[in-house]
There are 2 protein chains.
Amino acid sequence: MSLTVVGTMAFDEIETPFGQSGKIIGGSATFISWAASNFVKPIHQISVVGGDFPKSELNALSAKGVVLDGVQIKEDEKSFYWKGKYHMDMNSRDSLATELNVLATFAPVLPTAAQESEFLILGNLAPQVQASVIAQMKTRPKLIVMDTMNFWMEVALEDLLKTIKLVDVLLVNDSEARQLTGEFSLVKAAKKLLAMGLKYLIIKKGEHGALLFNENHVFFAPALPLEDVFDPTGAGDTFAGGFIGHLAKTRDISFENMKTAIIVGSVMASYCVEQFGTARIREVTHEDISTRLAQFVDLVNFDIDLV
Amino acid sequence: MSLTVVGTMAFDEIETPFGQSGKIIGGSATFISWAASNFVKPIHQISVVGGDFPKSELNALSAKGVVLDGVQIKEDEKSFYWKGKYHMDMNSRDSLATELNVLATFAPVLPTAAQESEFLILGNLAPQVQASVIAQMKTRPKLIVMDTMNFWMEVALEDLLKTIKLVDVLLVNDSEARQLTGEFSLVKAAKKLLAMGLKYLIIKKGEHGALLFNENHVFFAPALPLEDVFDPTGAGDTFAGGFIGHLAKTRDISFENMKTAIIVGSVMASYCVEQFGTARIREVTHEDISTRLAQFVDLVNFDIDLV
């Protein structure tokens, strides 16, 4: 089993109603790999950072089995930086600053081993950059999962639709699903998106859980009800990392196993939001994961006599 | 098994982005009884209508096993009337007109049989009116379920808190739970509400499902993902009717059986929203109910190896 993860490694600065993070480590590939590293080794990480990115962070990922020879280090440039502020409901946020820096010219180059992975996940990036990664794979991976965001629907819709045709699973949130299809009903939106050639679609609804669709089935997983959501940044990527990590570990891409993968992703996301950035998920143990998996079973399990 | 239902019987006039209903039958007791009548007989309905309320509607309920001798008919007055308009997301609405009419002076009087029911559900009414019904019960019912709304938190908070202390299960939506406790986190809000003396709390989240809490457990049931939500009016009451109907049928008020009751309520609500008012739920068959129960099992059921 092997997994290639493509995405950003970045500095985040986060304000919530509960506090300020200062400048911390973030980025889609960072969160995906921290989550997935609990399930699968090796992970081939493809990203770009500036000379300002702490070597200690790279070493910490490396120690978790993440191979970083596909991470370009541009010593004379600065890492991608994002600053955001969450509103009281923690579901909506404003971007206060976005400095692309090294990301502006990012052209991923996959080392040989990364080209041979059985599983590939494309974190949120320009769709043409995501497509360039698929083109570098030696053989078509068993499963390609793609994340995206509303920004690309506005500035690169044609590229986005082309890239969607190349992947198996698309991850979007509810408002993105609506924007991409023009359908308010998520069930109708899902039908339109699946008709674009996807095998599976995951619609993330934040604190309201996630839906998994294929042509014939739908599965729903709630988010774990938590006393406090401290910082939602990276929760979607952490969910994606748990999802792909479980699939890569089990090498089973049936709908049944994807349901389990969604629950695993939800467990990882429930830890992510407990502290700023990666602080909580980098400390998660297998025992922690088992505890919350059991909580999910309790949360949704019911018996019924179907007459 | 027997059930007493207290609440409104009314005229509704509804505008949605998809159409206008004209003047149709609504009211909390109407929806609760239509839903519950699929599971339990007799239902003792306690309500008030004016001389303008169609006898055919009373006959239709009667034919479903709903006993109406506790429904006061004030021939010279008009029935309660509400007019509302839903926004595009169908989750929020504006009240365009509210004419209390007979409801302004409603003082429920329970016939003897209604005083002896094992199960009692109090649809949304002034909390002091709800309390007056509890006071009329000959012996304390096995379970008392109470619905309410934000309006009473604003104009009759003290009475509301007193009435909550008399019941076993409180039904509120997420914004009402937040308003009543001053807690944004629903988990924290649930703890505060349970501390008021409730045995169980149900927080309804509309299209995002419902949460059931007791002191030690939490259960989540999603709403069935639907292609179209045509009219959400009465969905919460229909949910409540399915919930109490299943409990009264099985006479089992364990947490395990309440989970099943929540799913039954969700099934009934999923039918309610398909047409204006009671049009769909009055036609629901046992086969319809079984079909959607099976869909709920598929929707949330997953297998996982807990290590």
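Remember, it's a predicted structure, so these values are computed and weren't measured experimentally. Below, chain A is the first sequence line, B the second, and so on; all start at residue 1.
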Which pair of non-hydrogen atoms, one from V187(B) and one from L226(A), has the smallest distance, and what is that distance?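 Taking every non-hydrogen atom into account, CG2-O, 3.4 Å.
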
Residue [X] versus chain B: region with a heavy atom under 4.5 Å:
X	answer
F184(A)	side chain
E183(A)	neither
L299(A)	both
R178(A)	side chain

Pick from I263(B), I289(B), L211(B), V264(B): which one has the most heavy-atom pairs with chain A under 4.5 Å? I263(B)

Quick check for you: among K259(A), Q295(A), K188(A), H217(A), which has the greatest number of heavy-atom pairs under 4.5 Å with chain B?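 Max contact count across the listed options: K188(A).
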
About how many Å separate CZ of F302(A) and OG1 of T260(B), when rounded to the nearest 0.5 Å? 7.5 Å

Step by step, work out the side-chain contact (heavy atoms from CB on, under 4.5 Å) result for F220(A) and F296(B). CA-CA 9 Å; F220(A) 174 82; F296(B) 266 92; over 6 Å; no

For [X], I'd like to know if atom [atom1] has over 12 heavy atoms of other residues, nucleotides or ligands within 6.0 Å.
X	atom1	answer
K85(B)	NZ	no
E215(B)	CD	no
E287(A)	CD	no

Can you tell if the side chain of E227(A) reaches within under 4.5 Å of the side chain of K191(B), non-hydrogen atoms only? yes

